[in-house]
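Just so it is clear, the values below take in all heavy atoms, side chains as well, and ignore hydrogens, waters and symmetry mates. Since the structure is predicted, the reported quantities are computational estimates derived from the model, not experimental observations. Counting starts at 1 for both ligands and their atoms, in listed order. FYI, the numbering just counts along the sequence from 1.
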Amino acid sequence: MQEAAPTKMVAEEVFRKRPMVISGPCSAETETQLVETAKRLAVTGKVDILRAGIWKPRTRPGSFEGVGTKGLPWLQTARQETGMPVAVEVATGKQVEDALHFDVDILWIGARTTVNPFSVQEVADALRGANVPVLIKNPINPDLELWTGAVERIAKAGIKDLGLIHRGFSSYGNSEYRNAPMWHLAIEMKRRNPGLPIINDPSHISGRRDNLQELAQKAIDLDYDGLMIESHIDPDNAWSDAKQQITPEVLAEMLSAIIWRKEDVDEAAYHAVLEKLRQQINHLDDELLQILGQRMKIADSIGRFKKDNNITILQTNRWNEILERAFRQGEKIGLSKEFITKYYDAVHMESINHQNKIMNSAD
Ligand code: PEP
Ligand code: MN
């Protein structure tokens, strides 16, 4: 057995490592399963932090809800055997106390907790005075304010090492992913919090094994600071999230296959080319805004005309005609139907707002 590492220091150091790779089972099931997984992860040399769910927030009662506090000593054993700092999800004040009592190195707040300010506040209160890094998963629903609120509550409790985990958002009827990634929301959160590392959790976005690689690569291409990926010695027989877990060896292959691009390189020529292309983009964006402004002016005139003639703002047939036309044109120039729909929805809403103002103005 190895000497127990001075884990506080290791955890803080590891928290600053890029990329930060976190892996381990969805749930700690038995001591053997956990320690075996940890050892096989450690052998790969590619994993920085061992994760394991001890308390599992399950959608339906009767599913395996975690081994509870008795699993915490198993994590200590796994750490002693491998030297890897350990991370656990906490959702209540009591869970924070127990995790800290058993020297868990890193805590994370799960998606089902981030949605609830009462729970986040309870966790924050229990964290006061503790010196432990905390990662905050995005809330289940696509709401950046809730995510931000959770970050603020934990920061106010005095936690210095904070980070974000993007695990996708619940969306009704979505079948491709267990949780829709909605990358734009995570990118916006990253933009608003330049000081916080952001980790991607492709396992909970995907819900299946087969597209983890693709999602992980996408996150790295978007300059994420790390990955959290679930792994298990016997994924098919895992007690929770069996479909999305992979063995430590498959994880190692996956991580090796990732192309780790740099955000920046120090070459003048490269920057010059990029600068030129960015100028072109700025120029086109300026033109697009000008044109949109003109379009809104025409919408205003139409609004005035409708008002004078007592016609409704929304005329469904006309709107369908605009969309159909845009789909046909978009297809020719490689713009997806999804983009066209979103773009036109936004433009249409703005037009309607303009027309609404005119309809309801006194003159
Ligand atoms: C987990 O990490 O096992 C988990 C429950 O994740 P999430 O909070 O993202 O659903
Ligand atoms: Mn899980």
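- Look at Arg304 and Asp308 and you find no salt bridge, because none of the NZ, NE, NH1 or NH2 atoms lies under 4.0 Å from a carboxylate O.
- The set of protein atoms (N, O or S) found at less than 2.8 Å from the Mn ion (ligand 2) reads Cys26 SG, His204 NE2, Glu230 OE2, Asp241 OD2, by chain and number.
- Protein residues having a heavy atom under 4.0 Å from any atom of ligand 1 are Cys26, Arg51, Lys56, Glu89, Trp108, Gly110, Ala111, Arg112, Lys137, Arg167, His204, Glu230, listed by chain and number.
- Within 6.0 Å of atom NZ in Lys17, more than 12 heavy atoms from other residues, nucleotides or ligands are found, so the atom counts as buried in its surroundings.
- Distance alone, capped at 3.5 Å, places no donor-acceptor pair between the Lys306 side chain and the Gln355 backbone.
- The local environment of CZ in Phe64 is crowded, with over 12 non-hydrogen atoms from other residues, nucleotides or ligands closer than 6.0 Å.
- With 3.5 Å as the limit, one finds no donor-acceptor pair spanning the side chains of Ser119 and Thr113.
- Annotation: side chain of Leu50 is not in contact with side chain of Arg79 (no heavy-atom distance under 4.5 Å).
- Asn131 has its side chain out of reach of Lys160: every pair of non-hydrogen atoms, C-beta onward, lies at least 4.5 Å apart.
- Using a 4.0 Å cut-off between charged nitrogen and carboxylate oxygen, Glu152 and Lys156 do not count as a salt-bridge pair.
- Heavy-atom neighbours of Glu287 CD from other residues, nucleotides or ligands within 6.0 Å: above the threshold of 12.
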